[in-house]
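Have a look at the structure below before the remarks.
These numbers come from the heavy atoms of this one structure, side chains and all, not from hydrogens, waters or symmetry mates. Along the sequence shown, the residues carry numbers beginning at 1.
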Amino acid sequence: PSGGFDGPLEQRSRQATAYLFGDAQLSEWLNLGAGLSFIRGEDDLQHGGNVESDTWQAGLYALLSNAGPLWLSADLSAGRTRFDLDRSVFIQGNAGGPALLDQKLAGETDATFWGAGLLGGYDLPFGDWRTGPQVGLDYRHYRLDGFSERSTQRTALSVKDDRFDSLELSLGWQVRGNVALDRAMRLQPYASLVWIEELGDGMSEDFTVTSLADGSARRVSNGRENDKHFARARLGTQLAISEAFAVYAEANTRLRHADGDQASYSLGLQYLF
C-alpha cells in the first residue's frame, strides 16, 4: 500500500456473470436440474497491479419433496479458473519522495474446485406462509496450481501449489410466503438466517513464495482470518407475474466474521417453459 507496509490495502473488484440453468420434474417428489456458468472478474490493485480471471463451473442439483413438510436437496459441482496476474513492486521514499523501485511482474496460473452439498428441512404451514428449521453439510475442495512470474528481475517470485478443504455445517431457520395479488399475480417473499461451523481446515492463512534470484523461501500471511464460526442471512422476494414469468430481488450478507461482513445484491428475471 502507498501509505507503507502497515497501511490499509486499496482494491477494486468487478465481476460479470452469465449462467444457464434448467430443471425437470420427474415425479411428484423428485426434481433434477443442471447448470453452467461463466464469470469474468478483474481486481485492480495499487500502482497498476491487477488480477484477471475467467471461471467456468458446472453443477447438478436434485430436490426431494412432495409438498409435505419434509424436503431434502443435494448438489454436485466442479469448476476451473484461469488467472492472469500483474504484481506491482513499488517502493517510494518518505513523505512522497522519489520512487526507488517501480516494477510490473506478470504471471498466470489455474485453479480447480469441486464439491457436494446436502440441505434439508421441515416446513410448518401457517396459511400462505411456511417456516421451519433447516440443516446442511457442504464440502468444497480447492487447488491453486503453482507458478513462476515471467520476469528476469531479481524481485520475481515462484509460488507453490496450494490446496485446502472446507466442510461447513449449517443450522438455521427459514420462512417463505405466497401472497395472491390482483390479475393472478403472486408475491413470494422469503428469508433465512443460518449459523455456520467450519469443520475443515478452511482457506489457507499463509503461503510460501520463493525468490527466483537466489532460491530463498518466505512464508507470507494472506492477511485474512480463517473464521470457524459465523452467520449468513438472506432476504428476498419474487413477483410471479404469470405462470411462466417472474422478477426477483435478493440481498445476502455474511455476519459475525473475523474477516468482516460481506454483502451482495441481485435483481433478475425468470421464465419457465
Side-chain angles (χ1 to χ4, degrees), residues 13-42 54-77 79 116-136 138 170 172-194 196 231-255 261-273:
S13 179
R14 296 178 297 275
Q15 287 188 344
T17 304
Y19 67 91
L20 179 67
F21 178 83
D23 66 350
Q25 185 169 354
L26 302 184
S27 68
E28 64 175 320
W29 54 270
L30 177 61
N31 279 61
L32 290 179
L36 179 67
S37 66
F38 173 76
I39 303 174
R40 173 66 174 176
E42 183 174 352
D54 294 323
T55 302
W56 289 93
Q57 181 171 343
L60 299 174
Y61 168 82
L63 174 65
L64 291 172
S65 175
N66 62 351
L70 285 170
W71 56 272
L72 176 67
S73 67
D75 73 86
L76 296 170
S77 62
L118 287 173
L119 181 65
Y122 188 92
D123 289 343
L124 304 170
F126 293 93
D128 292 330
W129 295 83
R130 299 172 71 90
T131 184
Q134 64 179 44
V135 61
D138 189 83
S170 62
W173 198 275
Q174 70 165 353
V175 59
R176 294 181 288 120
N178 190 1
V179 181
L181 303 177
D182 294 338
R183 300 180 182 177
M185 293 192 298
R186 290 174 289 115
L187 186 65
Q188 299 169 319
Y190 55 91
S192 65
L193 180 62
V194 179
I196 307 294
R232 291 194 183 106
R234 182 176 67 159
L235 176 65
T237 186
Q238 179 170 280
L239 177 61
I241 299 174
S242 66
E243 290 296 326
F245 182 67
V247 296
Y248 65 88
E250 181 176 299
N252 288 272
T253 185
R254 182 184 67 184
L255 304 168
D261 296 342
Q262 207 173 55
S264 65
Y265 310 92
S266 59
L267 298 171
L269 306 175
Q270 176 177 291
Y271 183 75
L272 305 177
F273 56 91

Any donor and acceptor pair, going by atom type alone, linking the side chain of Ser73 with main-chain N or O of Ala62 inside 3.5 Å? no

For this session: Could you check if a side-chain atom of Leu32 sits within less than 4.5 angstrom of a side-chain atom of Tyr61, using non-hydrogen atoms only?
Result: no

Interatomic distance, CD1@Ile39 vs CG@Asp54, rounded to 0.5 Å, equals 10.5 Å

Heavy-atom closest pair (Ala251 atom, Tyr265 atom, distance to 0.1 Å) is CB-CD2, 3.7 Å

Side-chain contact test, heavy atoms from C-beta onward, threshold under 4.5 Å: evaluate it for Ile196 versus Arg232 and give yes or no. yes

Practice prompt. Report yes if the side chains of Thr131 and Phe126 come closer than 4.5 Å at any heavy-atom pair, otherwise no.
Written response: yes

task: Let me see the working for Glu42 and Ser13 under side-chain contact (heavy atoms from CB on, under 4.5 Å), right down to the final yes or no.
output: CA-CA 6 Å; Glu42 183 174 352; Ser13 179; over 6 Å; no

Show the atom names and distances, to 0.1 Å, of all donor-acceptor pairs under 3.5 Å that link a side chain in residues 233-247 to residues at least two apart or in another chain.
{"from": "Gln238", "atom 1": "NE2", "to": "Gln188", "atom 2": "OE1", "distance (Å)": "3.0"}
{"from": "Ser242", "atom 1": "OG", "to": "Ala244", "atom 2": "N", "distance (Å)": "3.3"}
{"from": "Ser242", "atom 1": "OG", "to": "Phe245", "atom 2": "N", "distance (Å)": "3.1"}

**Asked** Counting distance only, does the side-chain N/O of Thr55 pair as donor-acceptor with the main-chain N or O of Phe38 below 3.5 Å?
**Response** no

Item to check | Pair Gln174-Asp123, side-chain contact (heavy atoms from CB on, under 4.5 Å): steps then yes or no | outcome: CA-CA 9 Å; Gln174 70 165 353; Asp123 289 343; 3.5 Å; yes

Scanning both residues in full, the closest heavy-atom pair of Ala249 with Leu267 reads CB-CD2, 3.4 Å

CG (Asp128) and CZ (Arg176) are apart, to the nearest 0.5 Å, by 12.5 Å

Would you check, one step at a time, whether the test side-chain contact (heavy atoms from CB on, under 4.5 Å) holds for Leu64 with Leu30?
CA-CA 5 Å; Leu64 291 172; Leu30 177 61; 3.7 Å; yes

Notebook entry, point to check: So do Gln134 and Trp71 actually touch side chain to side chain, heavy atoms under 4.5 Å?
Noted result: yes

Decide yes or no for Tyr190 and Glu250: does some side-chain heavy atom of the first lie under 4.5 Å from some side-chain heavy atom of the second? yes

Of all heavy-atom pairs linking Arg186 and Ala180, the shortest is CG-CA, 4.4 Å

I want to check something: taking the side chain as every heavy atom from C-beta on, are Leu70 and Tyr122 in contact at a cut-off of under 4.5 Å?
yes

dist Leu60:CG -> Asp23:CG (nearest 0.5 Å) comes out at 12.0 Å

One should read off an interatomic distance between Ser170 OG and Leu118 CG, to the nearest 0.5 angstrom, of 10.5 Å

Here the pair of heavy atoms bringing Tyr19 nearest to Ser37 is CB-CB, 3.7 Å

Scanning both residues in full, the closest heavy-atom pair of Pro69 with Arg130 reads CA-NH2, 3.9 Å

Please tell me if the side chains of Val175 and Trp129 come closer than 4.5 Å, counting only heavy atoms from C-beta onward. yes

For Leu36 and Ala58, the nearest pair of non-hydrogen atoms, with its separation, is CD1-CB, 4.1 Å

- Task: May I ask you to check whether Ser65 and Trp29 show a side-chain donor-acceptor distance below 3.5 Å?
- Result: no

